[in-house]
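We name chains A, B, ... by the order of the sequence lines, and we start the count at 1 in each one. Everything quoted here is computed from the prediction, not taken from an experiment.
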There are 2 protein chains.
Amino acid sequence: MAGSKPHALQVTCANCGLQRICFPRGLTQQEIIRLDAILQSQPVVGKGEALFKQGEAAKAIFALKSGVVKLCRYDRSGNEIIHTFYLPGDVIGLEALDQPVYQYDAIALDRCNLCRVEVADLDRLAQQMPNLNRQVLQMMRRELELERAHFENVSSRSADQRLAHFVWHIAERFRDRGYAMDTFQLPILHRDIATHLGLTPETVSRILRKFHQQGILTWQRKQVTLHDPCAVRELAGVEAPDEAGEGEVCPVCQAHVG
Amino acid sequence: MAGSKPHALQVTCANCGLQRICFPRGLTQQEIIRLDAILQSQPVVGKGEALFKQGEAAKAIFALKSGVVKLCRYDRSGNEIIHTFYLPGDVIGLEALDQPVYQYDAIALDRCNLCRVEVADLDRLAQQMPNLNRQVLQMMRRELELERAHFENVSSRSADQRLAHFVWHIAERFRDRGYAMDTFQLPILHRDIATHLGLTPETVSRILRKFHQQGILTWQRKQVTLHDPCAVRELAGVEAPDEAGEGEVCPVCQAHVG
DNA sequence: ACGCAAACTTGACCTTGATCAAGTCATTCC
DNA sequence: GGAATGACTTGATCAAGGTCAAGTTTGCGT
């Protein structure tokens, strides 16, 4: 993963590998340099630790350089509800721009490298950079879009479909970040997946066994492998991107896999 | 409802009854006047008609003055998914600020009075009014918060709880708008409720009968009555607002009802 | 390397809510 | 006003997935 060498030179937005998908997307080179100037700290958070917790003063937002983070909250009877998993390149805690305290917990699922941006600094910068406002609005809208897509997945589909859709969605995000989509490390507990999808760990376990037996995908330890990406996509209920194309090779599996 | 007299004087933001909850919230008097200037049209949309449809060019956002609107979309097998119902004072189609086309259908559930704001006009105005950017961001964040709350409701609760939570949530929104919370007209089909909550119409019908028999609430025709608001809130899994208060009267039912 | 705690698996059983079918009730359109 | 259409109700049946219980495996701390 990016940024894991402890002795590496100081990473700036200008030379960060995540520039394309992170904050700076859509900003000019000059603007990126000014953004860099307010990025004071690049904290590391250990497995299980919180970037922030519900109720804490919301003073900063974070960009995730490596690792995985879950955004969650507890209902009145203490059940965890997991809204999202963040991957490298995602921006976490945007709500802080708008509210005095965080509304959710953000928990690192493994060791995470982050960039921390103070809300006050960002606000000040935004007054001089209209593009940044647009950028922030777009990130917020994307977050809304993700939550809606997730709701559509959970609201009315079978357990098999939910799980297939989840895996496919994660695979797509890895693909978009330039990684292989047919095999990747995913440090998420099956229990957390179950919670995220409104299922039980037992059900997830049974479905994963079935998928494995059918040769569709395996998910053992933290290693996910899509043996038949098209079948996963099909189960997930996602359209093939180039339906009207060549028609010879599967556009998803051939174009992006391996 | 507001704005229903056809011969009424021209309604402006400055004299609109929804000023507190709609767009202008957080703007100065001067800014509201400038906002007014770009509000050219105040369309009326009939029952079942669309404000906009998925795939259309996203050129405007809307403020709802009267009526109810659903935001929905269809999955691959043609099943409707309903994300939100908008009540008077809500702003609809914010995504348009950020995208070339609408991603959802917005359908009027009864006759609706609207304000239409062109995205281009709003963009231009926002460059001169930093408050407006903040305002837009806040509305977007609220929309995200609503979607997450809805997901939490549907993801892991029983059918009874989902329905109670839905009714309670709507009642709260009416209360916040200055209407009675224990009885109101709600022009939403039971079928649409079922879709919104990931249930079937049959299940909704059975649960409503049970609630009626238990004296908790009735929902006949379009008339909703909460006979025991506290029971509804309890079922919905929502904390009483003033738990540590007087302790004598139920803070919700006495303070806001009737 | 050992042992404990947590994660995961597997099987038997049960509950919730979906499905199917046949009705009743409202609303709308001539 | 009366038929036709769509909304809602009610009952019988069924299956997906939850629950409970007892395993096995994994990972971590010492």
Chemist: Any chance you could measure B:Leu189, atom CG, to B:Lys222, atom NZ, to the nearest 0.5 Å?
Modeler: 5.0 Å

Chemist: Between side-chain atoms of residues 142-157 of chain B and protein atoms elsewhere (two or more places apart, or another chain), which donor-acceptor pairs fall under 3.5 Å?
Modeler:
from: B:Arg142; atom 1: NH1; to: B:Gln138; atom 2: OE1; distance (Å): 3.3
from: B:Arg142; atom 1: NH2; to: B:Gln138; atom 2: OE1; distance (Å): 3.3
from: B:Glu143; atom 1: OE2; to: A:Arg148; atom 2: NH2; distance (Å): 3.1
from: B:Glu143; atom 1: OE2; to: B:Tyr86; atom 2: OH; distance (Å): 2.3
from: B:Glu145; atom 1: OE2; to: A:Arg73; atom 2: NH2; distance (Å): 3.4
from: B:Glu145; atom 1: OE2; to: A:Tyr104; atom 2: OH; distance (Å): 2.8
from: B:Glu147; atom 1: OE1; to: A:Arg148; atom 2: NE; distance (Å): 3.4
from: B:Glu147; atom 1: OE2; to: B:His83; atom 2: ND1; distance (Å): 2.8
from: B:Arg148; atom 1: NE; to: A:Glu147; atom 2: OE1; distance (Å): 3.4
from: B:Arg148; atom 1: NH2; to: A:Glu143; atom 2: OE2; distance (Å): 3.1
from: B:His150; atom 1: NE2; to: B:His196; atom 2: O; distance (Å): 3.1
from: B:His150; atom 1: NE2; to: B:His196; atom 2: NE2; distance (Å): 3.3
from: B:Glu152; atom 1: OE1; to: A:Arg73; atom 2: NH1; distance (Å): 3.2
from: B:Glu152; atom 1: OE2; to: A:Arg73; atom 2: NH1; distance (Å): 2.8
from: B:Glu152; atom 1: OE2; to: A:His83; atom 2: NE2; distance (Å): 2.7
from: B:Asn153; atom 1: ND2; to: B:Arg162; atom 2: O; distance (Å): 3.4
from: B:Asn153; atom 1: ND2; to: B:His165; atom 2: ND1; distance (Å): 3.3
from: B:Arg157; atom 1: NH2; to: B:Ala236; atom 2: O; distance (Å): 2.1

Chemist: Output all residues satisfying salt bridge (charged side-chain N to carboxylate O under 4.0 Å, His left out) with B:Glu49, sequence neighbours left out; order by chain, then residue number.
Modeler: none

Chemist: How many angstroms lie between atom CZ of A:Phe174 and atom CG of A:Leu186, to the nearest 0.5 angstrom?
Modeler: 5.5 Å

Chemist: Using a cutoff of under 3.5 Å, can you pull out all pairs of nitrogen or oxygen atoms linking the protein to nucleotides 3-7 of chain C, with atom names and distances?
Modeler:
from: C:dA7; atom 1: OP1; to: A:Arg191; atom 2: NH2; distance (Å): 2.6

Chemist: Pull out every residue in residues 148-167 of chain B that has a heavy atom closer than 4.0 Å to any atom of DNA chain C, ordered by number, or say none.
Modeler: B:Ser158, B:Ala159

Chemist: Starting from P on C:dT10, measure out to CG on A:Leu208 and report it in whole angstrom.
Modeler: 11 Å

Chemist: How long is the gap from CG on A:Leu163 to CD1 on A:Ile193, to the nearest 0.5 Å?
Modeler: 7.5 Å

Chemist: Go nucleotide by nucleotide along DNA chain D from the 5' end; which of A:Lys222 and A:Arg206 gets its closest nucleotide reached first?
Modeler: A:Arg206

Chemist: Salt bridge (charged side-chain N to carboxylate O under 4.0 Å, His left out) with A:Glu80: which residues, sequence neighbours excluded?
Modeler: A:Lys70

Chemist: Using a 4.0 Å cut-off to any heavy atom of chain B, which nucleotides of DNA chain D are the first and last in contact, reading 5' to 3'?
Modeler: D:dA7 to D:dA12

Chemist: To the nearest 0.5 Å, how far apart are CG in A:Asp105 and CG in A:Leu71?
Modeler: 8.0 Å

Chemist: Only distances under 3.5 Å count here; give the side-chain donor-acceptor pairs of residues 52-63 of chain B to other protein atoms, sequence neighbours excluded, each with its distance to 0.1 Å.
Modeler:
none

Chemist: List the protein contact pattern of nucleotides 21-30 of chain C with one symbol per nucleotide (5' to 3'): B for base contact, S for sugar-phosphate-only contact, - for none; contact means a heavy-atom distance under 4.0 Å.
Modeler: -----SS---

Chemist: Would you confirm whether A:Arg177, through its side chain, and A:Pro88, through its main-chain N or O, come within 3.5 Å as a donor-acceptor pair?
Modeler: yes

Chemist: Quick one: CD1 on A:Ile188 to CZ on A:Phe85, what's the gap to the nearest 0.5 Å?
Modeler: 4.5 Å

Chemist: Can you name the residues that form a ring-ring contact (aromatic ring centres under 6.0 Å, His included) with B:His169, not counting sequence neighbours?
Modeler: none

Chemist: Looking at NE2 of A:His190 and CG of A:Asp192, how far apart are the two atoms once the value is rounded to the nearest 0.5 Å?
Modeler: 10.5 Å

Chemist: List, one per line, each side-chain donor-acceptor pair under 3.5 Å for residues 205-217 of chain B, sequence neighbours excluded.
Modeler:
from: B:Lys210; atom 1: NZ; to: B:Asp160; atom 2: OD2; distance (Å): 2.3

Chemist: Please name all residues satisfying side chain to side chain contact (heavy atoms under 4.5 Å, CB included) with B:Val44, sequence neighbours left out, ordered by chain then number.
Modeler: B:Arg111, B:Asn113

Chemist: Could A:Asp90 and A:Arg173 be called an ion pair, given the rule that one side-chain N must be under 4.0 Å from one carboxylate O?
Modeler: yes

Chemist: Measure the angle between the two terminal helix axes of the helix from C:dA1-D:dT30 to C:dC30-D:dG1, five base pairs each, and quote it to 10°.
Modeler: 60°

